[in-house]
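Before any comments, here is the structure.
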There are 2 protein chains.
Amino acid sequence: MNRKSGRATISDVAKAAQTGKTSVSRYLNGEFDALSDNLRQRITAAIEQLEYRPSQMARGLKRGRTRLIGLIIADITNPYSLEILSGIEAACRASGFTLLMCNTNNELDQERHYLDLLSSYQVEAILVNAVGMREEVLNRLQQSLLPMVLIDRKIADFPCDVVGLDNKTAASAATQHLLDQGYRAILFISEPLGTVNTRHERLRAFETSMVHRADAIAERVEVALNQPDELQRLLADFHQRYQHIPCAVIAVNGALTLQVARAMRRLNLRWGEDIGLLGFDELEWAELAGPGITTLKQPTFRMGYAALQQALRRIEGDDAPPEEQIWPGELIIRGSTRSRTEGN
Amino acid sequence: MNRKSGRATISDVAKAAQTGKTSVSRYLNGEFDALSDNLRQRITAAIEQLEYRPSQMARGLKRGRTRLIGLIIADITNPYSLEILSGIEAACRASGFTLLMCNTNNELDQERHYLDLLSSYQVEAILVNAVGMREEVLNRLQQSLLPMVLIDRKIADFPCDVVGLDNKTAASAATQHLLDQGYRAILFISEPLGTVNTRHERLRAFETSMVHRADAIAERVEVALNQPDELQRLLADFHQRYQHIPCAVIAVNGALTLQVARAMRRLNLRWGEDIGLLGFDELEWAELAGPGITTLKQPTFRMGYAALQQALRRIEGDDAPPEEQIWPGELIIRGSTRSRTEGN
DNA sequence: CTGTTAGCGCCTTCAT
DNA sequence: ATGAAGGCGCTAACAG
């Protein structure tokens, strides 16, 4: 046993098994055909006795295979991201990889920082669910040949594997549902659009679905998260202007849906009664809130899982052109979008 | 620039700056007093030009300082764990550490496996929010001198830093609140107690608070997560037996509270009306569910943050005896525990 | 101030 | 079938 670190090294094992490090290394890598039965047993015993565990650090240094996957998330507290994380994690567990987790807190320079950091840990691939990046950073990454998979959001003009929702179909279905239910004034509430393609796509599909309908009013607004007062003001204003016709709200993601629901609560607006409410992302509590909240559920867990699988394929050398995986959403109808007959 | 890995190494920088690796290393470690202005500038330029980033792997191998923290979580999808994670992550970000995340899915052998794995990555400390561990594993860890901080749950007879809730006070306060509100039959619903000290402590405090009260009935039951039918049956049975007196339920944690609420929904039992409901752990949607759900909020974020800080202290050499940090909970009263006057 | 030398723990030729 | 030697990228003496 090595005196200083307290941990046995490959040399200690070799010594204990009365052999050289090479054979132990072979043993560790499963090259048993190159080992006599006797030697193999000695090594097994030595490892057991010394409680030896190979150092992934040293291994990674030498071979480049660290079995580490980097994950960059914009905001872990977001329920969507959490489920994505959950899927990725399960896939990691299944494939023997470990996750290095980085939360950028939606800050752009953190993103840059973590990208660097992860590559300095020699991760074998990077999964990203946060995109504010500019070309400079990306080029560096691309040169490094580090496989990268984007989740949910993608980057314009940057060819890269992507896993995301079929935003167009989903947003159209959501809008159509509200129209079918009789709503005639619909407010699309989004976090600031920025360069987040997801938000743009959903909004565009919403507007496209509405533009044909001369009998219905479409409005849109951007609000940052955690601005309850502003949100409340917006909702009150919207409702006040259209209270004579069935009106509804679409929230662009789960985090926002929560805040919208809270604001409505404070305004004493009952969803499903006074106003319709539909939110992207399924929420575990959606059925418990009043008459329930209609959601556009994404197969988040499976998307996370799939993202890691895609990364693994790249790690194993697949160099097919970048692939864009588009998953279908599912509209889960609950009481918040109850049917409105005219004037009711 | 190194041909094979595509990444510049310290040697490349040394060459480009026309100096030796040592000086570059010194530069990297901020030992500027040992570098002439001229040399320093050459190095700066070389690093810039080569886009050099030191390999954390190699660094870790040599110095033992990997700046990596291992985190073992029983179940990331648990809201409690998520917020803990969130706090830990923030503390990591603030201190320049990176998280290696492992989710055991509540499986004991995974726990063992990950403990090994993390130490093989030379993490500098391990944070654990999942405890099924037995002595064998722990002893190995303890010998390795790897700092470890337990969160929420602790292990009997294993002296170790712990960050947790003041379960006794919290559970007493919760129970007392229900009694004060007039409830006279209270069911304590827990996940299987197992060796999870947290659940035991909360139950014990509940029973202690109830035992003095000859006028009130205390019951308890254990249910595994995701057994909706059984849960429903239990609740129906409990309510049916005590519907003539104000009765209430305490759920031992947030995950369970969600399931209890769902079961009540299906049974058409309205919390705050037909039955009282109080759950450990604050839920972001607690105020939105019917008249709101009364919760016992834990300062989860700060607890996670504090856990990492404690780990840092150990990393920096603090060898004071194990410290048990007990944080106070806060009862957040909502409509689900509305006051019951007799017979109403 | 600066460079040389020797490893950290492991894997990989290349001999034997 | 086995082992010795060299090196991955970095740091830490030890000289100058």
Side-chain angles (χ1 to χ4, degrees), chain A residues 1-43 46-47 50-68 119-122 124 144, chain B residues 1-43 46-47 50-68 119-122 124 144:
Chain A
M1 173 86 68
N2 191 317
R3 316 87 243 154
K4 47 184 307 196
S5 86
R7 274 186 65 147
T9 78
I10 200 172
S11 299
D12 300 322
V13 175
K15 218 164 294 167
Q18 304 179 77
T19 175
K21 307 193 287 180
T22 313
S23 296
V24 181
S25 174
R26 292 202 175 103
Y27 177 98
L28 294 176
N29 292 295
E31 301 167 30
F32 296 114
D33 12 337
L35 298 174
S36 68
D37 264 19
N38 178 288
L39 180 50
R40 189 202 317 202
Q41 283 167 15
R42 274 161 32 222
I43 296 181
I47 288 181
L50 294 169
E51 290 183 345
Y52 167 71
R53 299 284 174 271
S55 155
Q56 294 294 335
M57 282 316 225
R59 225 173 223 215
L61 181 57
K62 183 65 187 170
R63 286 211 302 181
R65 297 183 59 213
T66 57
R67 308 282 89 175
L68 246 30
S119 89
S120 85
Y121 276 112
Q122 311 249 87
E124 298 188 47
S144 74
Chain B
M1 174 86 69
N2 190 318
R3 314 88 241 151
K4 46 185 307 195
S5 85
R7 275 186 64 149
T9 77
I10 199 172
S11 299
D12 300 323
V13 175
K15 217 164 296 166
Q18 305 180 77
T19 176
K21 308 193 289 180
T22 312
S23 296
V24 181
S25 175
R26 290 202 177 104
Y27 177 97
L28 295 176
N29 293 295
E31 301 168 29
F32 296 114
D33 12 338
L35 297 174
S36 67
D37 264 17
N38 179 287
L39 180 51
R40 189 203 317 201
Q41 283 166 14
R42 268 150 50 212
I43 296 181
I47 288 182
L50 295 169
E51 289 184 345
Y52 167 71
R53 299 283 172 273
S55 155
Q56 294 295 335
M57 282 315 219
R59 221 175 232 216
L61 180 57
K62 182 66 185 170
R63 287 211 302 182
R65 297 182 61 211
T66 57
R67 308 282 88 175
L68 246 28
S119 88
S120 84
Y121 276 110
Q122 309 249 85
E124 299 188 47
S144 73

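In the text below, chain A, chain B and the rest are named by the order of the sequence lines, each starting its count at 1.
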(request) May I ask you to say what A/F32 touches in the nucleic acid, namely base, sugar-phosphate or nothing, with a heavy-atom cut-off under 4.0 Å? (result) nothing
(message) Would you say that A/Y27 contacts A/V13 through its side chain, given a criterion of any heavy-atom pair below 4.5 Å between the two side chains?
(response) no
(message) Rounded to whole Å, please give me the gap between CD in B/Q56 and C1' in D/dC10.
(response) 11 Å
(request) Please say which of B/N38, B/L39, B/D37, B/D33 ends up in a side chain to side chain contact (heavy atoms under 4.5 Å, CB included) with B/L35. (result) B/L39
(request) Mind checking B/S36 for me? I need base, sugar-phosphate or nothing, with any heavy atom below 4.0 Å counting as a touch. (result) sugar-phosphate
(message) For D/dG9, does the base pair up with any side-chain atom of B/K21 as donor and acceptor (N or O, under 3.5 Å, distance only)?
(response) no
(request) May I have the distance from B/I10 (atom CD1) to C/dC8 (atom P), rounded to whole angstrom? (result) 18 Å
(message) Side chain of B/T19 only, heavy atoms from C-beta on: which candidate in D/dA12, C/dC10, C/dG3 is closest?
(response) C/dG3
(request) Examine C/dG3: is either OP1 or OP2 under 4.0 Å from a nitrogen or oxygen in the side chain of B/S23? Give yes or no. (result) yes
(message) Classify A/S11 by what it touches in the nucleic acid, base, sugar-phosphate, or nothing, heavy-atom distance under 4.0 Å.
(response) nothing
(request) Name the residue closer to the 5' end of DNA chain C, choosing between B/R40 and B/A58 according to the nucleotide with the nearest heavy atom. (result) B/R40
(request) Could you work out which one of D/dC10, C/dG9, D/dT2 sits closest to the side chain of A/A34? (result) D/dT2
(request) Look at the side chain of B/Q122 and the backbone N and O of B/L61, then say whether any donor-acceptor pair between them is shorter than 3.5 Å. (result) no
(request) Applying side chain to side chain contact (heavy atoms under 4.5 Å, CB included), run through B/Y52 and B/L28 and close with a yes or a no. (result) CA-CA 11 Å; B/Y52 167 71; B/L28 295 176; 3.6 Å; yes
(request) In whole angstrom, give the distance that lies between atom CG of B/D12 and atom P of D/dC8. (result) 10 Å
(request) Calculate the interatomic distance between B/D33 atom CG and C/dC1 atom P; express it in whole Å. (result) 8 Å
(request) Hey, which sits more toward the 5' end of DNA chain C by its nearest nucleotide, B/Q122 or B/R26? (result) B/R26
(request) To the nearest Å, give me how far apart NZ (B/K62) and P (D/dT11) are. (result) 10 Å
(message) Closest-nucleotide mapping onto DNA chain D: is A/L39 or B/Y52 further toward the 5' terminus? I mean the 5' end.
(response) A/L39
(request) Name the nucleic acid region contacted by A/S25, choosing base, sugar-phosphate or nothing; use a 4.0 angstrom heavy-atom cut-off, strictly under. (result) base
(message) When you measure only distances, ignoring hydrogens and angles, does the side chain of B/T22 come within 3.5 Å of the base of D/dA12 through a donor and an acceptor?
(response) yes
(request) Identify the two heavy atoms, one from B/P54 and one from A/S120, that lie closest to each other, and give their separation to 0.1 Å. (result) O-CB, 3.4 Å
(message) From CG of A/N29 over to P of C/dG9, roughly how many Å is that when rounded to an integer?
(response) 18 Å
(message) Is it true that A/S55 and A/R7 share a donor-acceptor pair across their side chains at a distance under 3.5 Å?
(response) no
(request) Please report, rounded to the nearest Å, how far the C1' atom of C/dC10 is from the CG atom of A/L61. (result) 8 Å
(message) When you measure from the side-chain N and O atoms of A/R59 to the phosphate of C/dG9, is any distance below 4.0 Å, counting only OP1 and OP2?
(response) no
(message) Nearest whole Å is fine: how far is C/dT2 P from B/Q18 CD?
(response) 13 Å
